[in-house]
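A, B, ... follow the sequence lines: proteins, then strands. Residue 1 opens every chain.
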Amino acid sequence: MVKLTINGIDYEVERDKTVLQVCNDIGIDIPTLCHDERLEPYAACRMCLVEIEGAKNLQTSCSTKVREGMVVHTHNDKVMDARRDVLDLLLSNHPIDCLTCEKSGQCKLQDYAYEYGVREGTYVGEMRNKPIDDSNHFYTYDPDKCILCGLCVRVCDELQNTNAIGFEDRGFGTIVATPFDQGLGNSACVSCGNCVSVCPVGALMPKYDTKFRLWETKKVRTTCSYCGVGCQMDLLVKGDKVVGVEPAFDTFNNGLLCVKGKFGYKFINHGDRLKTPLIKKDGEFVEASWDEAYKLIISKIEDTKAKYGADALAGLSSARCTNEENYMFQKFMRAAIGTNNVDHCARL
Amino acid sequence: MEFKFDMEKNKDKVEEFRVFIDENRDRPGVLMPVLQEAQGKFGFLPEPVLELISQDLRIPLADIYGVATFYSQFTFIPKGEHNISVCLGTACYVKGAEKVLAEIEKVLGIKSGGTTPDLKFSITPTRCIGACGLAPVVNIDDDIHGKLKVEDIKGIIDKYR
Amino acid sequence: MMSQEKLREIKENARPLLDERLKVEDKTEVRDGNIVLKGDYYKKQVRIALRNCEIILPESIEEYIALDGYSALGKMLFEMTPEDVVNTMIESNLRGRGGAGFPAGRKWLEAFKYDADQKYIICNADEGDPGAYMDRSILEGDPHSVLEGMAIAGYAIGANQGFIYVRAEYPLAVKRLQAAIKQAKEYGVLGNNIFGTDFSFDIELRLGAGAFVCGEGTALMESIEGKRGMPRVKIHRTAHRGLWQKPTVINNVETLANIPVIFQRGAKWFRGIGTEKSPGTKVFALVGKVKESGLVEVPMGTSLREIVFDIGGGVADGKAAKAVQTGGPSGGCIPVELFDTPVDFESLAKIGSIMGSGGMVVMDETDCMVDIARFFLEFSVDESCGKCVPCREGTKRMLELLEKITGGNGEEEDIARMESLAVTISTGSLCGLGQTAPNPVTSTLHYFRDEYEAHIRDKTCPAGHCQALLEYYITEDCIGCTKCARSCPVSCISGKVKERHVIDTDACIKCGNCMEVCPVGAVILR
Amino acid sequence: MTNTIEEILHTDAIFIIGSNTTENHPVIGATMKQALRNNGTKLVVADPRRIELADYADVYLQIKPGTNIALLNGIMNVIIEKGLQDREFIEKNTENYEELEEIVKDYTPEKVAEICDVKAEDIIKAATIYGEADKAGIFYAMGITQHTTGTDGVMSISNLALLTGNLGKESAGVNPLRGQNNVQGSSDMAALPSDYPGYQKVFKEEVAEKFEKAWEVNLSRKVGLTVAEMLDAAEKGDIRTMYIMGENPMVSDPDINHVKKALESLDFLVVQDIFFSETCELADVILPAASFAEKDGTFTNTERRVQRVRKAIEPVGKSKPDWQIIMEVMNLLGYDKKYSHPSEIMDEIASLTPQYGGIDYVRLEDKDGLQWPCPTKDHPGTKYLHGTAIARGKGLFVPAKYKESAELPDREYPYIFTTGRILYHYHTRTMTGRVEGLNKQVPEAYVEIDEVTANKLDIKDGDKVRLTSRRGSIEVGAKITDIISEGVLFMPFHFAEAAANYLTNPALDPIAKIPEFKVAAVKLEKID
């Protein structure tokens with residue numbers, strides 16, 4: 001343990017933690033744009049700057065380990081001025097189109113601009129002006145909105161390990177790009193969208209079918225319905241529609257999903273969904289009520305059972321259904337019909 | 001202006017280059033030397049060559065591209081037969097390097113960083129080459145031309161035509 | 001295999017041959033038992049790092065040995081423990097000559113103490129400051145002194161591999177280094193079992209590819225590792241986790257060139273030169289508007305005036321000295337009034353500049369200080385790696401403000417904006433490049449504020465340099481040939497034949513055609 | 001999986017055989033790559049296709065389809081030869097080692113190299129990496145199981161892990177990667193003809209009695225039919241009525257012509273699904289089911305983690321959750337048990353299934369779910385299996401000899417045909433086929449053909465080709481690739497329009513009854 005002072009209050013905290021981690025633990029809110037606990041500290045956005053007495057310059061709390069006797073100021077004038085200026089600089093090279101930006105309401109840059117009272121970028125000069133990359137089927141990339149926090153590049157490298165994107169050029173000309181600007185759709189990208197999930201601004205945006213603001217939605221934590229990994233994720237729900245998916249960050253999948261998990265939700269509200277029972281009459285399917293359908297099924301089951309015995313019936317359950325449903329299905333076959341002829345496609 | 005690179009036509013060079021990669025693959029951090037070799041061999045960094053490096057060294061293309069675009073000496077357009085590097089260091093600057101560069105651009109009809117369409121000349125702005133005593137300095141290939149005046153430029157370039 | 005006896009033997013054979021050659025060339029003399037270069041220019045200099053430059057043949061390891069080369073290494077391998085070596089370095093208080101002035105011995109101690117299976121020595125030869133070529137001269141003129149310095153460092157901290165990261169813009173230095181490494185290995189002063197001991201040390205050359213930021217230690221390591229040269233987050237010391245996350249000592253060329261001499265003559269001797277806090281000498285590249293430009297090595301604490309006037313002979317072309325710029329894009333402009341400042345790490349920092357790697361550019365009355373600041377900012381913008389916001393975005397905005405001012409569009413509040421932006425950039429940037437990038441602006445704003453004000457308020461450039469603020473003017477010498485009027489694309493020149501013409505400066509687009517066509521030079525800029 | 005996904009990060013060696021992990025279990029694939037990157041983990045990949053992970057591997061073995069067991073025996077041969085086996089573990093925790101040693105003795109690297117068509121030195125390298133690692137995990141999927149020798153394959157993997165003491169410890173183990181979201185759970189829940197939930201056998205009297213008591217009904221002791229057996233019985237007229245919930249055998253099962261005939265022979269077929277699938281076409285009644293977003297429940301993932309599925313929206317149209325439909329049908333049939341919420345079903349599951357004994361919805365609110373076995377309410381769940389003792393007491397070596405696949409290429413059908421999954425689609429595409437981006441990404445079926453074969457038959461990338469096996473024929477676009485060996489053809493099975501399963505061989509593994517999807521003999525023609 002080490003003792004240190006933060007904003008005039010003494011704390012005793014675990015050694016080996018960063019100032020940022022300690023502040024998070026004790027409830028001091030420090031802004032970050034490039035930080036992600038899953039990744040190596042990057043210290044590029046400079047929003048988490050704090051003053052540490054004795055140090056010549058402000059220090060990034062994300063990359064500074066606590067030390068015995070350290071005296072930290074997280075919100076004094078010097079620090080606040082620096083953060084405000086950083087926001088000013090970022091906004092001076094960022095389109096202020098929050099009114100129509102899809103990200104509005106879940107944009108960290110917007111949130112911090114509000115929190116720190118930075119209305120707009122006040123430096124007038126060159127702004128990035130690059131075409132939008134629309135070549136990926138699931139998301140778009142607008143370089144002009146990018147703040148170069150590098151989260152996408154680092155997630156693609158350190159966690160997803162696909163390395164489809166990287167930095168191009170340097171200095172003011174730096175952008176996140178695919179090699180030779182081939183476009184995401186023609187790159188090594190596997191469309192996992194894990195970059196999209198961490199973009200703090202509107203640079204990497206899913207191609208949503210439905211317009212929504214985050215505050216109109218509710219998040220429902222659930223389990224992905226595709227492969228057997230069982231990633232945890234949040235469904236974004238607006239009204240009676242699932243409009244988006246975000247990975248869970250505090251579970252074993254650690255904020256990662258694949259293309260199907262992240263973008264494959266659109267079948268849910270697809271127009272092709274079966275919406276009513278259908279009964280085949282003269283080779284054609286016609287809509288029926290549940291009662292009609294049930295009546296027919298019960299009579300056929302009872303018929304078969306009476307004529308040929310319970311073992312002339314068989315049922316296939318599903319690896320796509322829940323445990324409870326599989327349990328119900330086998331119980332139905334065994335207890336209600338009386339046969340063990342129940343199986344599913346575990347082997348396929 | 002686009003410069004295409006034909007792997008087939010450069011087959012021998014490409015083969016030599018692959019030998020270089022093979023001989024050096026175990027050197028840690030070999031990417032920079034490999035890119036330098038490629039640029040030396042082909043005069044620039046052609047896209048298919050970078051793809052080849054990516055395959056042979058198993059370094060993601062995005063990383064290679066990131067490195068190639070970071071360092072100013074790497075280029076994706078071929079250098080001309082004669083490379084004119086204009087020193088833009090402080091000593092040269094205070095002694096009028098800007099005007100010298102402008103004159104060279106005027107004489108060759110291309111911008112700094114470009115190559116003439118006949119692939120004869122290219123202009124490369126260069127950081128201080130450490131010949132400050134001779135400011136302003138221009139290197140054409142391996143020749144150093146020092147204490148230059150704007151009036152001298154045309155005559156010097158003509159010597160390389 | 002090399003041995004101390006053999007080394008002595010080589011020296012004894014080589015020395016007479018060297019003396020003979022020097023006698024014929026007649027450019028050297030012997031001062032205090034040392035061979036030094038003759039002439040006024042060298043009289044006030046004390047050459048330690050440059051001791052062999054222009055004296056020995058750089059391709060000849062024998063000549064290096066003739067002047068005691070490799071004797072320090074040979075001796076220490078038998079007589080000193082690595083700990084002794086580290087302690088001697090600490091005692092000498094040799095401070096890094098790359099710019100920041102961090103004591104080399106303390107770096108060594110950290111790396112020495114840190115246990116690891118592999119350690120590295122890096123020679124930072126990525127000399128990038130425009131107007132500085134000290135390191136190039138050492139690498140070209142005396143490569144073995146750097147190799148020997150590295151081997152000593154390697155022995156001290158327990159490293160067996162060294163890298164020299166050298167700018168690709170220095171082809172001759174690369175050639176000389178390659179040759180020197182080869183020779184040194186042949187002679188057994190590098191490679192396996194040096195001097196027959198179990199100490200092995202190899203050196204590999206790595207070339208930069210045009211990125212100033214790679215002079216920053218961690219960016220340089222990234223570059224050697226084959227990555228973009230973006231400075232690392234300073235969460236670990238490089239002496240603990242540097243190159244490939246292994247303990248690494250990185251010293252610059254001049255620092256390393258000093259080391260063999262320190263071990264030949266002792267730490268105490270070294271501390272006797274220079275000032276208490278900054279012992280030893282410093283090499284400067286004295287360039288710009290100075291009569292005698294060249295490399296100058298003087299004891300720390302020598303005043304700027306002595307360097308510029310006594311050694312450099314003052315300003316050329318009869319013009320008045322205005323300032324001297326030290327420290328390149330990280331440094332500042334020191335006005336002539338402060339020329340009595342002694343040159344050492346602390347004194348220069350106190351007056352808003354830095355020692356830097358040793359570039360010293362002399363400026364005269366025709367140099368516009370706003371434009372000089374703009375020049376350095378342009379450099380910093382071009383060379384910013386782009387990682388952190390204050391440097392990437394901030395230096396760009398600062399450059400734009402400077403361009404606005406030199407372009408004649410400056411506004412009163414721009415100065416205050418630059419001052420506050422300078423604070424954000426210098427206190428908030430990730431690496432030294434960003435933190436020092438505003439220095440050229442802050443120092444010129446401090447000492448030459450009136451020049452800024454003249455640009456902004458009066459729309460004039462007192463030095464007569466900023467094109468946008470100049471006007472074309474036709475003097476009395478005009479013969480009225482009308483050529484200028486006819487060549488003017490906007491027809492803003494009026495006047496009768498054989499009478500003096502006049503330029504309507506409001507309409508003039510400053511294309512310069514009139515000046516070019518005037519047969520008598522009557523069109524001037526003022 | 002005996003072990004947990006997170007443990008992959010700390011493993012010393014990963015051996016992947018018959019799993020294209022980055023495409024089919026992408027997040028596990030990414031986790032493996034993180035281990036390689038950060039932990040210095042070594043990787044061995046064995047697969048007939050040079051899958052993405054092969055490029056990251058220290059050793060890649062491009063084995064001929066159907067030769068897994070030879071390879072595994074070869075690896076064990078090298079391990080024993082080099083003395084890399086864990087003698088203490090074998091002594092303490094296993095039985096029947098002598099027979100294993102006896103059988104693998106014949107599988108020298110040279111002999112195996114010939115069977116598998118790989119280099120002997122690579123087998124030795126692979127064995128050394130796996131054998132020398134302190135903690136080594138084997139990861140496999142359908143590439144092991146979908147063979148007539150699938151059970152032998154699984155046993156051989158288990159043998160290898162036992163031999164090196166890689167069971168019952170962290171970051172090691174035998175780790176089958178389950179293909180579908182709840183394939184683990186549906187097996188746990190006994191959608192199986194021989195088992196009650198928790199793998200309790202239907203033919204065991206005490207088990208049957210337990211369930212009779214709990215369910216208050218008489219139960220059959222007779223083991224039921226597997227899918228394949230059901231279809232055969234249907235064709236013969238022994239099965240008359242079928243109820244299919246959320247399955248699409250008309251695309252997913254081998255020999256589709258046979259499936260079709262079987263389902264058409266039925267008197268009555270009920271299909272319950274969220275979309276109108278290929279199987280729906282043959283139904284008499286179709287019931288609309290709610291999707292996973294419209295209901296509560298649980299899935300059990302490949303690492304035995306029981307996790308919540310939560311209702312986000314109301315069921316679309318008049319659809320209902322499957323559990324509710326089944327309950328209603330059951331009630332109408334006279335079995336009157338009612339449930340108002342899936343949590344009540346889970347409580348019943350817990351009361352009857354030892355592994356799930358401690359699981360309930362309150363505990364599942366924890367973000368990490370619960371990994372079975374979790375026998376009691378205070379049990380924290382089980383991270384890795386066999387930590388204290390191997391499931392059946394001591395681990396039994398069940399050595400197997402290499403046997404050839406049921407159908408080998410011959411003059412008439414000269415190519416080996418193998419099937420699998422791809423990243424952008426899922427199973428029979430009922431879901432992914434309706435996601436625009438996924439369809440744009442991979443719009444239609446294709447067959448991967450190696451360059452030599454393609455040249456020989458003058459087939460260019462994108463050309464239409466006809467594939468024919470003894471069971472059927474399909475037309476499909478060609479994809480020329482260098483990731484597959486000469487004479488091997490690979491096709492994803494997802495696409496109904498050109499369904500690979502018209503060609504596949506329904507021959508079954510005698511124990512697991514799994515069809516040999518991975519090896520069939522076909523002929524290949526270019527269509528002009």
Side-chain angles (χ1 to χ4, degrees), chain A residues 137-138 160-161 220 222-223 225-231 235 237 240 242 250-253 256 258 264 266-268 270 273-280 293 298 300 304 308 312-328 330 332 335-336 340-341 343-344 346-348, chain D residues 25-27 30 33 178 180-181 183 185-186 189-191 193 202 215 217 224-227 230 239-247 252 268 284 286 288 291-293 297-299 301-302 307 309-310 312-313 316-318 322-323 326 330 332-333 335 342 345 349 426 431 434-435 437 440 514:
Chain A
H137 296 311
F138 308 94
Q160 175 62 25
N161 288 276
V220 179
T222 195
T223 304
S225 71
Y226 285 106
C227 79
V229 179
C231 295
L235 299 178
V237 180
D240 58 356
V242 175
D250 51 357
T251 56
F252 74 88
N253 52 304
L256 301 185
C258 75
K266 291 179 188 176
F267 74 88
I268 297 169
H270 194 280
R273 279 287 299 277
L274 290 169
K275 294 192 185 73
T276 175
L278 301 169
I279 295 176
K280 196 183 257 170
I298 301 302
K300 290 288 180 182
T304 308
Y308 306 101
L313 287 116
L316 287 182
S317 190
S318 174
R320 259 70 51 95
C321 289
T322 64
N323 287 322
E324 292 76 2
E325 287 161 346
N326 275 287
Y327 177 83
M328 285 297 287
Q330 58 90 31
F332 156 64
N340 282 318
N341 287 342
D343 201 2
H344 73 293
R347 307 172 189 89
L348 312 180
Chain D
H25 302 89
V27 171
K33 288 183 182 175
R178 313 304 307 253
Q180 298 174 65
N181 54 335
V183 69
S186 51
M189 292 302 105
V202 296
W215 291 350
V217 67
L225 304 179
T226 62
V227 185
M230 284 176 198
I239 295 283
R240 294 290 177 148
T241 291
M242 270 187 86
Y243 196 124
I244 300 179
M245 172 175 85
E247 297 253 308
S252 64
F268 190 67
D284 296 287
I286 298 170
S291 79
F292 82 112
T298 57
F299 291 152
N301 79 350
T302 191
Q307 305 185 108
V309 173
R310 290 185 184 82
I313 56 173
V316 301
K318 291 182 193 156
D322 291 292
W323 66 268
I326 298 298
M330 200 161 80
L332 287 169
L333 275 173
Y335 186 84
I345 305 175
I349 293 169
Y426 180 70
M431 287 153 37
R434 288 175 173 92
V435 177
K440 277 190 190 159
I514 197 162

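Only the side chain of A/Leu235 has a heavy atom closer than 4.5 Å to any heavy atom of chain D. For D/Val202, the part lying near chain A is the side chain, with the backbone staying farther off; criterion is any non-hydrogen pair under 4.5 Å. Contact of A/Tyr308 with chain D is made through the side chain alone, with heavy-atom distances under 4.5 Å. Of the atoms belonging to D/Phe268, it is side-chain heavy atoms, and not backbone ones, that fall under 4.5 Å from chain A. For a residue to count as touching a neighbouring chain, one of its non-hydrogen atoms must lie under 4.5 Å from one of that chain's; by this rule D/Ile286 touches chain A with backbone and side chain alike. Both the backbone and the side chain of A/Val229 come within contact range of chain D, each with at least one heavy atom under 4.5 Å from a heavy atom of that chain.
Under the 4.5 Å side-chain criterion, counting only non-hydrogen atoms from C-beta, D/Val227 is in contact with A/Leu316. Counting only heavy atoms from C-beta outward, the side chains of D/His25 and A/Cys227 approach each other to under 4.5 Å. Counting only heavy atoms from C-beta outward, the side chains of A/His270 and D/Val435 never approach each other to under 4.5 Å. Two residues are said to be in side-chain contact when any heavy atoms from C-beta on lie closer than 4.5 Å; D/Met431 and A/Ser225 meet this criterion. In this structure the side chain of D/Phe292 reaches within 4.5 angstrom of the side chain of A/Thr222, judged on heavy atoms.
No other option in D/Val217, D/Leu333, D/Thr241, D/Thr302 has as many heavy-atom pairs under 4.5 Å with chain A as D/Thr241. Each of D/Arg240, D/Arg310, D/Met230 has some count of heavy-atom pairs under 4.5 Å with chain A, and the biggest count is that of D/Arg240. The candidate with the highest count of non-hydrogen atom pairs below 4.5 Å against chain D, out of A/Gly230, A/Ala335, A/Ala293, A/Ser318, is A/Ser318. Looking only at heavy-atom pairs under 4.5 Å with chain D, the residue among A/Ala336, A/Cys231, A/Ala312 that has the most is A/Ala312. Interface check for chain A: of the options D/Ile349, D/Leu225, D/Ile345, D/Thr298, the most heavy-atom pairs under 4.5 Å are formed by D/Thr298. Each of A/Lys300, A/Met328, A/Lys275, A/Arg273 has some count of heavy-atom pairs under 4.5 Å with chain D, and the biggest count is that of A/Arg273. Counting heavy-atom pairs under 4.5 Å between each of A/Val220, A/Thr223, A/Leu278, A/Asn323 and chain D puts A/Asn323 at the top. Comparing A/Ile298, A/Val242, A/Asn253, A/Thr251 by heavy-atom pairs within less than 4.5 Å of chain D, the highest count is held by A/Ile298.
Among residues two or more places apart in sequence or in another chain, the ring pair (Phe, Tyr, Trp, His ring centres under 6.0 Å) test is passed with A/Phe332 by A/Phe329, D/Tyr243. Scanning for side-chain contact (heavy atoms from CB on, under 4.5 Å) contacts around A/Lys280 gives A/Phe285, with sequence neighbours left out.
Between A/Cys321 and D/Met245, the shortest heavy-atom distance links the atoms SG-CE, 3.8 Å. Counting all heavy atoms, side chain and backbone alike, D/Ala30 lies closest to A/Asn161 at O-ND2, 3.9 Å.
Not one N or O on the side chain of A/Glu324 forms a donor-acceptor pair closer than 3.5 Å with the backbone of D/Trp323. Of the possible polar contacts, one joining the A/Arg320 side chain to the D/Gly246 backbone as a donor-acceptor pair under 3.5 Å is found.
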